[in-house]
Student: 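Pasting in a structure now, in structure tokens, and then I'll have a few things to ask.
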Protein chains: 2
Amino acid sequence: MEDNSDLQWFWDTLDAHLSRQQLKQTKQRKVIVEHFLRLARHVDAEDLYRRVRGKGFKIGLATIYRTLNLLRDADLVTQHSFTDGRAIFEIKRPGTHHDHMVCSLCGIIQEFENDQIEVLQSKVAEDHGFTLTSHRLDLFGVCRGCHNEQSQQ
Amino acid sequence: MEDNSDLQWFWDTLDAHLSRQQLKQTKQRKVIVEHFLRLARHVDAEDLYRRVRGKGFKIGLATIYRTLNLLRDADLVTQHSFTDGRAIFEIKRPGTHHDHMVCSLCGIIQEFENDQIEVLQSKVAEDHGFTLTSHRLDLFGVCRGCHNEQSQQ
DNA sequence: GTTGATGCAAAGCATTTGCAATATC
DNA sequence: GATATTGCAAATGCTTTGCATCAAC
């Protein structure tokens, strides 16, 4: 779970981005971001929309998308695309990096870090004359929980 | 470049799949597959559609999609999704595996293999109690050619 | 009072699907 | 002749956009 007090940097960076770009602080943006920060780590637009509507706010889905795109532009969230066509958004903490492991059965997303893999990736890129800017490593499989359920049947 | 004579296994596997599933051999499928095999290694539906139409065949885009999905179901092609929303299809040779490096400037896709990375992935999955079924590793960056062009300006 | 933001409905885009006509087995 | 396939247009699912209204600066 995320402690909201840790997230001051998020709001600060957002404020900085808004004023730098001459964008406005609005009630909708505040509400959407508040709920985004409280939701699970990996969220899609529809999740966020349902949550916000469920709490009684009359905010359109387009505004959810526009706000998530704003956060992406401010480099505050990362946008992923795992199994289906949906975009998944995740808070991006400066200076951190991790990859993802997705369970094909329950859809749970686990994060992991592996420096050795990172080093090897850089080496591969270098060997091929590539100047690496980013990468994406997703592992797909069955998580322990689902695996146990399967074997009990 | 691909030597077509190497691809007998592809046609054989396809024939086997068709008869096993009680599907029919049609002119459209033949034409689409022939052109798919002659095109670049990484192809999207629109590429294939344009190529086939350009050669004078009156085949609908839906049939292209249906055929590519058929090949996917027959385990003869892999479906990727790199930068944009398009699906990219690639011949899948049995017993081979590689990952991809994509140039953000010219879009060129280079393949690479790295056994050490594969081993580390299995280890990571195991450490997290995951039964690994597949993975996706894409590196993004600037290829040598584009990098040289940039520095000359 | 300017300028950007919102909500809604409409448009986009890649892909899939329903259906009547047609080709394959 | 039964059944799968095709082409087309319409539908889909996610996301973006146009525009008139509204809120923030």
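Numbered from 1 within each chain, the chains take letters A, B, ... in sequence-line order. Both backbone and side-chain heavy atoms feed into the values below; hydrogens, waters and symmetry mates do not. Owing to the predicted nature of the structure, the values given are computational and were not obtained by experimental measurement.
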Student: Take atom OH of Tyr49(A) and atom C1' of dC8(C), then tell me their distance rounded to the nearest Å.
Tutor: 10 Å

Student: Rounded to whole angstrom units, what separation is found between the CZ atom of Phe89(B) and the P atom of dA14(C)?
Tutor: 13 Å

Student: Give the rounded distance in Å between these two atoms: CG of Leu68(A) and P of dT15(D).
Tutor: 9 Å

Student: I need the CG-P distance between Asp73(B) and dA4(D), as an integer number of Å.
Tutor: 16 Å

Student: Between atom NZ in Lys58(A) and atom P in dG7(C), what is the gap in whole Å?
Tutor: 11 Å

Student: What one-letter contact string describes nucleotides 19-25 of chain D from 5' to 3', where B marks a base within less than 4.0 Å of any protein heavy atom, S marks contact via sugar-phosphate atoms alone, and - marks no contact?
Tutor: ----BBS

Student: Can you figure out which of dT6(D), dT15(D), dT6(C) approaches the side chain of Arg29(B) most closely?
Tutor: dT6(D)

Student: Check this for me, if you would: do Asp127(A) and Lys123(A) make a salt bridge, where the nitrogen-to-carboxylate-oxygen distance has to be below 4.0 angstrom?
Tutor: yes

Student: Has Gln21(A) got more than 12 heavy atoms of other residues, nucleotides or ligands less than 6.0 Å from its CD?
Tutor: yes

Student: Run the salt-bridge test on Glu111(A) and Arg41(A) with the 4.0 Å N-O cut-off and return the result as yes or no.
Tutor: yes

Student: Establish, from distance only, whether the side-chain atoms of His98(B) and Glu113(B) form a donor-acceptor pair under 3.5 Å.
Tutor: no

Student: Any base atoms under 4.0 Å from Asn69(B), or only sugar-phosphate, or nothing? Heavy atoms, all strands.
Tutor: sugar-phosphate

Student: Taking Arg29(A)'s backbone N and O only, do any of them form a donor-acceptor pair with Thr67(A)'s side chain (distance below 3.5 Å, no angle check)?
Tutor: no

Student: What contact category does Glu46(A) fall into here, base, sugar-phosphate, or nothing, at under 4.0 angstrom with non-hydrogen atoms?
Tutor: nothing

Student: In whole angstrom, what separates Leu18(B)'s CG from dT24(C)'s P?
Tutor: 13 Å

Student: For Leu120(B), which fellow cluster members are found when Ile, Leu, Val, Met, Phe, Trp and Tyr are connected by side-chain heavy-atom distances below 4.5 angstrom, either directly or through intermediates?
Tutor: Met101(A), Phe112(A), Ile117(A), Leu120(A), Val124(A), Phe130(A), Leu132(A), Leu137(A), Leu139(A), Met101(B), Phe112(B), Ile117(B), Val124(B), Phe130(B), Leu132(B), Leu137(B), Leu139(B)

Student: Which of these nucleotides, dA9(C), dC14(D), dT17(C), is closest to any side-chain atom of Ala62(B)?
Tutor: dT17(C)

Student: Output the rounded distance in Å from CD1 (Ile88(A)) to P (dC14(D)).
Tutor: 11 Å

Student: Given dT16(D), is OP1 or OP2 found less than 4.0 Å from the side-chain N or O atoms of Tyr65(A)?
Tutor: no

Student: Please report, rounded to the nearest Å, how far the C1' atom of dT24(C) is from the CD atom of Gln21(B).
Tutor: 17 Å

Student: Using side-chain heavy atoms (C-beta onward) and a distance below 4.5 Å, is Glu46(A) in contact with Ile64(A)?
Tutor: no

